[in-house]
Amino acid sequence: MIDISVVVPTFNRKEGLAKCVRSLIKQDYPKDRFEVIIIDDGSKEKLEGLEELCRDSRNASLPAVRIFRQENQGPAAARNWGVRLAGGDIVAFIDDDCEACPDWLARMV
């Protein structure tokens, strides 16, 4: 059961996004109880390294990480789509240039 869906809208910030996702993977919240939904808002950059991370996230020691792409419509549209895809009871948002403290999700819950 997924408790929390973390939605990350992104646009042309591959390196910042990688740091953000790494901080989410390091959460001290149970990895099988949250998911990370990345909405690529029409970036020109390819997100190859992050796609590898998504494949690796099938490992039970990592949270599920999924990437979706849309044509550029802005961060609000990306967040809204992320909410529609969310499977958690709680939806949390973080921007692609932020890094979450290890206890961010646990404190929220």
Spacing of L85 atom CG and I38 atom CD1 [to the nearest 0.5 Å]: 12.5 Å
Could you work out, with side chain to side chain donor-acceptor pair (under 3.5 Å) as the rule, every residue matching E35, not counting sequence neighbours? S5, R66
Taking the side chain as every heavy atom from C-beta outward, state whether L105 and V109 have any pair of such atoms under 4.5 Å apart. no
Nearest atoms (heavy-atom pairs only) where C98 meets C20: O-CB, 3.1 Å
Are L24 and P63 close enough that some pair of their side-chain heavy atoms sits under 4.5 Å apart? no
Please report the C-alpha distance between V8 and L17 in whole Å, then the side-chain angles of each, then the deciding distance to 0.1 Å, and finally whether the side chain to side chain contact (heavy atoms under 4.5 Å, CB included) criterion is met. CA-CA 8 Å; V8 187; L17 176 63; 3.6 Å; yes
For the hydrophobic clusters of this structure (ILVMFWY residues joined by side-chain heavy atoms under 4.5 Å, transitively), does one cluster hold both V83 and I2? no
Going only through I, L, V, M, F, W and Y residues with side-chain contacts under 4.5 Å, is there a path from I94 to V36? yes
Between V91 and I67, is there a shared hydrophobic cluster once you connect ILVMFWY residues whose side-chain heavy atoms come closer than 4.5 Å? no
Just grab all the side chain to side chain donor-acceptor pair (under 3.5 Å) pairs involving residues 76-94, residues at least two apart or on different chains. R79-D95
If hydrophobic clusters are built by linking Ile, Leu, Val, Met, Phe, Trp and Tyr wherever their side-chain heavy atoms come under 4.5 Å apart, do I37 and L62 end up in the same one? no
Side-chain heavy atoms under 4.5 angstrom apart, residues restricted to Ile, Leu, Val, Met, Phe, Trp, Tyr: same cluster for I90 and V65? yes
D97 side-chain N/O to G16 backbone N/O, donor-acceptor pair under 3.5 Å: no
Run the salt bridge (Lys or Arg N to Asp or Glu O under 4.0 Å) test against D28 and tell me which residues pass, sequence neighbours left out. none
Test of understanding: with side chain to side chain contact (heavy atoms under 4.5 Å, CB included), list the residues that count as partners of K19, not counting sequence neighbours. R22, E99
Which pairs, with at least one residue in residues 100-109 and sequence neighbours excluded, count as a side chain to side chain donor-acceptor pair (under 3.5 Å)? D103-R107
May I ask you to check whether over 12 heavy atoms, not counting those of Q73, lie within 6.0 Å of atom CD? yes
Of all residues at least two apart in sequence or in a different chain, which pass the salt bridge (Lys or Arg N to Asp or Glu O under 4.0 Å) check with D41? none
